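Data first, discussion second: the structure below is written as structure tokens.
Order of listing sets the numbers, starting from 1, for every ligand and every atom in it. Sequential numbering from 1 along the given sequence is applied to the chain's residues. Just so you know, these numbers come straight off a predicted model, no measurement behind them.
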Amino acid sequence: MTDSSETQVSEAQIAVHWREEEYYPPPEKFVKQANANDPAILDRFTEDKFPDCFIEYADLLTWDKRWDTVLDTSTAPFWKWFVGGKLNASYNCVDRHAAANPDKTAVIWVPELEADETLFISYGQLLRQVNEFAALLSDFAGLKKGDRVTLHMPMVPEAVVTMLACARLGVIHSQVFGGFSGNACGTRIADSGSRILITMDGYYRAGAMQDHKVKADEAVAEAARQDQEVDKVLVWRRKEGEYQSKIPMVDGRDFFVNDIIGKYAGHEVAPVSLDATDSLFLMYTSGTTGRPKGAQHSVGGYMAYVAGTSKYYQDIHQDDMYWCLADIGWITGHSYIVYGPLALGTTTILYEGVPNYPDAGRPWRIAEKLGVNIFHTSPTSIRMLRKVGPDEPTKYNYHFKCMTTVGEPIEPEVWRWYYHSVGKDQAAITDTWWQTETGGFLGSTLPGLQPMKPGSCGPGALGIFPVIYDEDRNEVPKGSGTAGNICIRNPWPSIMQTVWGQPERFLDVYYRKYNTDPNSKDWHDWPYFCGDGALEAEDGYFRILGRIDDVINVAGHRLGTKELESAALTVPEVAEAAAVPVIDDIRGRMVEMYVSLKPGFEASPAMEAKVTGAIETEIGKIARPKNVWIVPDMPKTRSGKIMRRVIASVSNFTDVGDVTTLANPEVVEGIRHHVQSAKVAKGDAPRELTETELAEIKAFGAE
Ligand code: WT7
């Protein structure tokens with residue numbers, strides 16, 4: 001690391017100036033009815049009350065046995081919450097509400113085709129379905145507590161039933177986003193050691209039936225290549241009596257759930273009383289290496305935290321109509337479509353398709369028809385709906401009391417459209433900052449008590465104490481206008497337990513950087529490193545700048561550059577590959593790939609298509625690059641490292657900086673000319689970047 005070309009600007013050193021946005025006070029009507037409208041709640045969660053403050057969240061659940069210890073730090077930083085406590089997540093999300101209120105609607109499913117009927121599932125019906133499927137999982141699939149099972153399901157109520165049936169048995173579900181490819185699913189099957197895959201034959205997306213079963217076959221084959229055999233593939237049918245796939249069912253391996261579930265009609269399976277520290281699910285996410293990380297989440301701490309934050313931050317009351325547009329295959333879907341809202345006994349809506357199908361008015365029609373009053377989505381969807389139908393919301397008669405945005409930074413301009421047009425100036429907005437690993441919100445305003453500020457998520461959530469450190473672990477003071485690495489000083493109940501099968505990686509990625517004493521059992525010595533650059537304003541509100549690792553956040557989904565590059569390298573002609581982000585006005589960031597070819601191969605559109613195809617096969621359409629640039633050589637340091645920062649600057653038309661210390665500075669100008677003139681010709685040159693975007697590009701690829 002002595003080579004000066006490797007000393008790059010880190011996020012922590014960048015001073016970012018921006019206009020402080022004005023506060024928006026929470027709407028009065030909202031405040032009156034808010035779950036958190038008495039400032040006394042802030043006193044209940046001050047640092048001197050930690051960790052007992054979280055008992056308030058745990059008390060939202062029904063426990064078979066109360067815990068002995070709230071927080072056990074003896075195996076720091078593998079925190080244990082509510083130790084000695086016993087409970088079951090499925091019981092908490094279904095049974096107790098079915099007993100009190102069997103006819104209340106638990107789940108509403110809106111199929112993508114507007115002419116198709118909306119499905120209402122009561123708590124009583126959900127209980128029956130969960131019981132029957134749990135009986136099938138245990139009897140037919142032989143699953144028991146602690147086993148892992150992979151789910152690769154679209155946005156259908158069967159996904160909710162499957163998750164809750166696993167939770168009932170203590171089977172650890174590992175759900176893979178439906179849009180991921182068969183290969184990506186197979187890698188996750190292998191990593192988790194699942195021998196059962198649960199999927200659906202097809203689903204609607206943008207008006208067309210997708211063949212989803214085909215991915216199951218690819219997934220099983222990929223898992224086998226990685227030495228994991230799948231014994232059974234359980235296939236739900238999207239439409240009763242039909243099969244949506246061109247791929248035949250494999251005899252003895254593949255089974256239609258709908259054909260065997262009848263055998264379990266009326267069966268009841270007692271919810272298994274689990275330790276609070278048992279695991280509920282795995283959720284894979286990307287990091288700096290190619291191997292995905294399975295964030296392992298607990299039953300007790302996780303459930304307590306998502307119930308508590310759903311109550312205070314989403315302001316969910318039992319009689320609310322709650323709609324979160326996220327996909328059930330991501331952490332947002334787990335925490336804030338399924339477990340949080342159902343723990344509170346509310347009605348949660350599941351929409352199968354894309355928000356703008358068949359037109360930009362669809363979400364607002366759904367909201368009007370179903371009386372949605374809490375709405376939750378991502379900046380990418382908001383940007384897209386704003387672009388395709390800026391005036392659509394005014395045409396529909398719905399009323400949101402609060403709205404959430406999640407997954408990426410939201411531009412103040414986009415925030416204002418969300419507030420004025422979608423929220424009709426009457427809804428409180430929470431910009432919730434958090435991660436797959438954190439299980440629930442880390443930063444957000446409390447909607448009834450703290451004013452909103454566009455572009456900032458707000459202060460740390462209740463009982464969460466963020467801090468910004470520079471590279472040397474000095475605290476970056478608030479109001480200094482200097483960015484740094486945001487960390488959370490304390491553990492909290494829904495922090496992942498570990499990275500599945502990779503405890504060393506858990507330590508390395510999240511704790512090593514700022515831990516001063518690896519033997520310490522005191523939580524104060526273990527700040528959690530989030531991997532985001534951020535600034536803290538004078539008022540204690542945080543502005544999240546984005547990832548500081550080699551991760552590209554596309555439409556709120558994390559894609560690791562290493563995964564993208566390994567995918568490109570599966571093309572035999574490709575010698576080297578580098579993935580960089582480009583700023584995109586709708587999706588936030590998109591991926592651009594740079595590849596160089598082995599000697600004797602020529603650049604061509606067919607070669608570009610091959611690289612794109614490989615990425616779709618290995619990861620999924622979500623990762624599809626905006627452009628593939630075939631270059632004669634990559635800019636490199638003298639030690640041979642590809643300078644992603646330089647090519648990221650080229651893609652975004654920003655200053656490439658000092659390249660004189662590179663091993664091959666002469667290639668930069670050629671790449672710049674080639675890429676930028678092609679982009680200009682396509683009308684694909686970006687607008688002028690904001691200061692924070694510039695900082696991000698400048699820091700990209702820094703280590
Ligand atoms: C990364 C986590 C949180 C669930 C969905 C994404 C970015 C997340 C915000 C926000 C600015 C945000 C961060 C974070 N991020 N929420 N409100 N404002 N950035 O989960 O895939 O684990 O990604 O998304 O960079 O580290 P994920």
Side-chain angles (χ1 to χ4, degrees), residues 11 175-177 179-180 282-288 292-295 297 305-306 309 313-314 324-337 340 376-383 403-412 414-415 418 429-445 452-461 464 466 483 485-488 494-496 499 509-510 528-535 541-560 563 581 587-589 619 622-623 692-693 696 699-700:
E11 200 79 54
Q175 180 146 195
V176 178
F177 169 54
F180 270 155
L282 307 180
M283 171 63 61
Y284 280 88
T285 187
S286 301
T288 33
K293 297 180 283 197
H297 283 287
Y305 196 76
V306 297
T309 48
Y313 287 91
Q314 308 266 47
C324 171
L325 250 175
D327 196 282
I328 202 164
W330 301 110
I331 191 71
T332 307
H334 279 45
S335 301
Y336 299 112
I337 295 178
H376 186 160
T377 192
S378 64
T380 288
S381 303
I382 301 168
R383 288 189 288 256
M403 311 191 295
T404 295
T405 143
V406 62
E408 324 149 60
I410 183 165
E411 299 76 5
V414 177
W415 190 99
Y418 197 35
I429 297 181
T430 46
D431 177 347
T432 60
W433 164 69
W434 57 298
Q435 313 174 307
T436 303
E437 296 89 332
T438 72
F441 306 148
L442 293 179
S444 170
T445 49
M452 308 163 246
K453 194 164 79 173
S456 298
C457 65
I464 304 282
N485 298 322
I486 188 165
C487 297
I488 310 298
S494 66
I495 173 75
M496 68 179 145
V499 174
V509 175
Y510 304 100
Y528 169 84
F529 176 74
C530 301
D532 279 325
L535 289 102
Y541 279 36
F542 292 93
R543 178 147 174 149
I544 307 300
L545 302 175
R547 303 293 310 179
I548 54 165
D549 52 10
D550 290 343
V551 163
I552 304 178
N553 188 333
V554 178
H557 305 138
R558 267 154 73 180
L559 300 173
E563 279 167 87
R587 296 158 71 83
R589 305 289 175 271
I619 303 172
I622 182 175
T692 46
E693 289 166 345
E696 179 190 323
F700 187 75

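Ligand 1 has a nitrogen or oxygen under 3.5 angstrom from a nitrogen or oxygen of Asp431. Inclusion of Asp532 in the set of residues having an N or O under 3.5 Å from an N or O of ligand 1 is warranted. Residue Gly407 has at least one nitrogen or oxygen atom sitting less than 3.5 Å from a nitrogen or oxygen atom of ligand 1, judged on distance alone. Below 3.5 Å of separation, one finds no N or O of Thr332 facing any N or O of ligand 1. In terms of N/O distances under 3.5 Å, ligand 1 is approached by Arg547.
Contact annotation for His557 and ligand 1: no heavy atom of the residue comes within less than 4.0 Å of the ligand. Residue-level proximity to ligand 1 for Thr432 is carried by the backbone, the only part with a heavy atom below 4.0 angstrom.
No close placement of the Tyr313 and Trp434 rings is indicated, their centers lying 6.0 Å or farther apart.
Here the shortest heavy-atom pairing between Lys293 and Arg558 reads NZ-NH2, 4.2 Å. Taking each heavy atom of Ala461 and Phe441 in turn, the nearest pair found is CB-O, 3.9 Å.
Side-chain contact between His297 and Ile331: present, with at least one pair of heavy atoms (C-beta onward) separated by less than 4.5 Å.
Nearest to atom 6 (C) of ligand 1 by heavy-atom distance, out of Cys457, Pro409, Ser378, Gly556, is Gly556.
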With side-chain hydrogen bond (donor to acceptor under 3.5 Å, both in side chains) as the test, would you mind laying out the steps for Gln314 and Tyr336 before giving the verdict? CA-CA 9 Å; Gln314 308 266 47; Tyr336 299 112; over 6 Å; no

